[in-house]
Number of protein chains: 2
Amino acid sequence: MTSRVRQARPPQPTLEMVAAVAGVSRATVSRVVNGSTKVSPEIVASVTVAVNELNYVPNRAARSLASRQTQALALVVPEDMTRFFGDPYFAAVVQGITRRLDQSDYTLNLLVASSDPQHKTLRYLRSGNVDGALIISHHTGDDFVAELETTMPVVFGGRPSTADDLEAYFVDVDNAAGAELGTQRLIDIGRHRIGSISGAIDMPAGIDRLTGFERTLNRVGMPTDAVEHGDFTAAGAAAATRRLLERCPDVDGLFVASDLMAIGALGVLREYGKSVPGDVAIVGFDDSPAATSGPVPLTTVHQPSEEMGYAMADTLLRRLTGDEHVPHRTIMPTRLILRDSA
Amino acid sequence: MTSRVRQARPPQPTLEMVAAVAGVSRATVSRVVNGSTKVSPEIVASVTVAVNELNYVPNRAARSLASRQTQALALVVPEDMTRFFGDPYFAAVVQGITRRLDQSDYTLNLLVASSDPQHKTLRYLRSGNVDGALIISHHTGDDFVAELETTMPVVFGGRPSTADDLEAYFVDVDNAAGAELGTQRLIDIGRHRIGSISGAIDMPAGIDRLTGFERTLNRVGMPTDAVEHGDFTAAGAAAATRRLLERCPDVDGLFVASDLMAIGALGVLREYGKSVPGDVAIVGFDDSPAATSGPVPLTTVHQPSEEMGYAMADTLLRRLTGDEHVPHRTIMPTRLILRDSA
DNA sequence: TTGTACGCGTTATCAG
DNA sequence: CTGATAACGCGTACAA
């Protein structure tokens, strides 16, 4: 798979060329480019002129080979493309990450890959392409993440499911507590038969939200059998809702582990001729744009997704500077948002 | 903004170390790693053992510094994050691109940035981080793209708006023809007062679809004044629809330049108590998942978004191999998809 | 403050 | 077929 570019293109200017134009040494140009203070003003000026004249941009490969840094970070998303693009939650997180990165001179490399035949993603990471990695939406099966921390600083979005999570850095909300908030709402408005469409149960967020749901019902002596597992997609939630409705037709309250899934559930409820919140009250999770995109504005458990992305990037950046006092876990607050569905 | 990683991490193994273990020279290891055929089988075997033992992965910076290639491509999207994530069209294109790239050993760097204060994106590109660039959703204001082709091979998704588009490589559909298809449908089902919510008029796709719309109405002597400009977002389309309805309350047919926008229009129509397709028939564009996500399945103009992404990547990859016979323009077919809205 | 010289990990050229 | 050795472009002790 060797390839060679045939088309002739003007070679990028190098430090050497800039030095020649400015009449100084390569080292001096390097100092100016990297903002060293130990350079006389007039030389800084002449070098700057030369840089602009030649339109010089440092070669990243050479720079990172010498400095052993890439000034790039990776956002690893072990999902398939459709799930990644389908859920507004990811958009918010990425937005937060880039907002933080825009204040630095790090760039972000987005790596979306569930099916990764040749371990291409891992190779990419280990080839020294990035200085650190952000990992969101990882599943229990994604074993490679454990190894990654031995290679570079890693920060998770959502508590990691690996055993050694004591050492891991992550940003999350208290998913169980959030789920309690949502479930309690259903109790408070007088629902008697409360069920749940859970998230993917191979993900910490899915597990913890289910735990919070069960804990709340247990506390008041309600049964917790009306649960069907979803996978954090609208289609998966629709299927789960169908199963639940067949099994427990009397459900009148539903805690759904994400807004996107709630939208899916909403559609099925309509199919079955059930009104929301009349026949069935629904509480979602996320408070993403999906919450207000459907036919019924969703009452939901808000989590600060954008801020979480920001915090993730911030944590990683601080680790990269060698800051020893970076907290391993950053837990952000959730709160209940009341709208029409419950 | 100097930073230094303090934490001690095991250094990545190098060619040198592998060579030592295998008892050969660096050069030979390099040959094996790069699959040169001119190496004796037994040496290949011993080197392979050493590589696995040390868990060796080539250093990308060193490799690209020496080979002058990065094996990475960039997908540049001059939009803000929310628009990028909000429209399923992008998801399809990215999916197609990655499908093609999965067959190669190129990786993709996603660059989403409308507001780019420090020209960070351009610097990134010009720093030799990638061998070529894919550009989608570019606006007339995005002048930097013109300069880019002088630095590296570029392929556009959608015809570029720059003057020198004769030289440019791009993949597109005949947007005007597609719009004619959609508009004609409205005529065919007997609508008399046909309007349009156009796409962003600073984008070729927006302009061309509007042109096709107008051309069709002109042909049959219908007025083309019932047009309001959208921006390819649901919210923007909603606002535009509101303006249109105030100005032309008698509209009974609407060609909307994207499915996502059609969803926005649908909401407003409902607000105004208009039924679809009863009072107002709607034809969208894209045939993205958005077309079937709303309350009314949309009749729409299909464009093969996923295949377009694939074709873009394929075109760029072929250019990268020096293939002189790569067609500058790849125009893919559109077709009308009949559903419920028109 | 400025310049010299070496090293970063690979690829590629050229002897052998 | 294999092994020295010279680039590749830049950062940075070290020397001046």
Side-chain angles (χ1 to χ4, degrees), chain A residues 1-5 11-47 50-51 54-71 105 123 126-129 131, chain B residues 1-5 10-47 50-51 54-72 105 123 126-129 131:
Chain A
M1 201 163 297
T2 308
S3 57
R4 169 167 296 283
V5 179
Q12 291 288 343
T14 69
L15 262 194
E16 183 90 45
M17 300 165 68
V18 175
V21 171
V24 295
S25 73
R26 297 188 297 269
T28 300
V29 177
S30 175
R31 294 193 186 94
V32 173
V33 169
N34 293 309
S36 168
T37 54
K38 305 174 163 306
V39 181
S40 74
E42 46 271 23
I43 287 199
V44 171
S46 65
V47 168
V51 165
L54 294 178
N55 222 328
Y56 170 77
V57 176
N59 178 295
R60 193 66 85 124
R63 175 176 275 189
S64 77
L65 183 58
S67 69
R68 309 186 133 288
Q69 293 199 165
T70 63
Q71 296 297 86
D105 41 53
R123 278 185 70 84
R126 294 202 41 212
S127 297
N129 276 295
D131 296 337
Chain B
M1 200 161 300
T2 308
S3 56
R4 169 166 297 282
V5 179
Q12 290 288 343
T14 70
L15 262 192
E16 184 89 47
M17 300 165 68
V18 175
V21 171
V24 295
S25 71
R26 297 191 300 268
T28 299
V29 177
S30 176
R31 293 193 188 95
V32 174
V33 169
N34 292 306
S36 167
T37 54
K38 302 173 165 306
V39 181
S40 74
E42 47 271 24
I43 288 199
V44 170
S46 66
V47 168
V51 165
L54 296 178
N55 222 330
Y56 169 77
V57 176
N59 178 296
R60 194 67 85 130
R63 175 176 274 187
S64 79
L65 181 57
S67 69
R68 312 185 128 292
Q69 294 200 160
T70 63
Q71 297 296 87
D105 40 53
R123 278 185 69 83
R126 292 201 43 212
S127 298
N129 276 295
D131 296 336

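Chain naming here is simple, since letters A, B, ... match the order of the sequence lines and numbering starts at 1 in each.
For the pair A/N59 CG and C/dC8 P, the interatomic distance rounds to 18 Å; values are reported in whole Å. Atoms CD (A/Q71) and P (D/dG11) sit 11 Å apart, rounded to a whole Å. Whole-Å rounding puts the B/R26 CZ to D/dC1 P distance at 22 Å. The NZ-P distance, from B/K38 to C/dT11, rounds to 18 Å in whole Å. Atoms CD (B/E16) and P (D/dG3) sit 13 Å apart, rounded to a whole Å. The nearest whole Å value for the distance from the CD atom in B/Q69 to the P atom in C/dG9 is 22 Å. For the pair B/I43 CD1 and D/dG3 C1', the interatomic distance rounds to 10 Å; values are reported in whole Å.
One finds the CD1 atom of A/I43 at 9.5 Å from the CZ atom of A/R31 (value rounded to the nearest 0.5 Å).
Proximity of a side-chain donor or acceptor of B/T70 to a complementary backbone N or O of B/A72 within less than 3.5 Å is detected. B/N34 places no side-chain N or O within 3.5 Å of a backbone atom of B/S36 that could act as its donor or acceptor partner. When atom types are taken as modelled, the side chain of B/T28 and the backbone of B/V24 share no donor-acceptor pair closer than 3.5 angstrom.
Checked against C/dG9, D/dC10, C/dT2, the side chain of A/T14 finds its nearest nucleotide in D/dC10. You'll find that the side chain of A/L65 is closest to C/dG9, out of C/dT10, C/dG9, D/dT2. Taking the side chain of B/S25 as heavy atoms from C-beta on, and the options D/dA4, D/dA6, C/dG3, the nearest nucleotide is D/dA4. The nucleotide whose nearest atom lies closest to any side-chain atom of B/V24 is, among C/dG3, D/dC10, D/dG3, D/dG3. Residue A/S40 places its side chain closer to C/dT2 than to any other of C/dT2, D/dA6, D/dT2. Distance from the side chain of A/R31 is smallest for C/dT2 among the nucleotides C/dT2, C/dG9, C/dT13. When distances are taken from the side chain of B/L15 to each of D/dC8, D/dC10, C/dT11, the shortest belongs to C/dT11.
Note on A/R68: only backbone sugar-phosphate atoms sit closer than 4.0 angstrom, heavy atoms only; bases stay farther off.
Considering only side-chain N and O atoms, B/N34 lies nowhere under 4.0 angstrom from the phosphate OP1 or OP2 of C/dT10. The side chain of B/T28 contributes an N or O atom lying less than 4.0 Å from OP1 or OP2 of D/dG3. For the OP1/OP2 pair of D/dG9 and a distance below 4.0 Å, the side-chain nitrogens and oxygens of A/R63 include no atom meeting the criterion.
Checking A/T37 against A/A27, the closest nucleotide of DNA chain C that is more toward the 5' end is the one next to A/T37.
Residues B/R126 and A/N55 meet the side-chain proximity criterion, which asks for heavy atoms closer than 4.5 Å.
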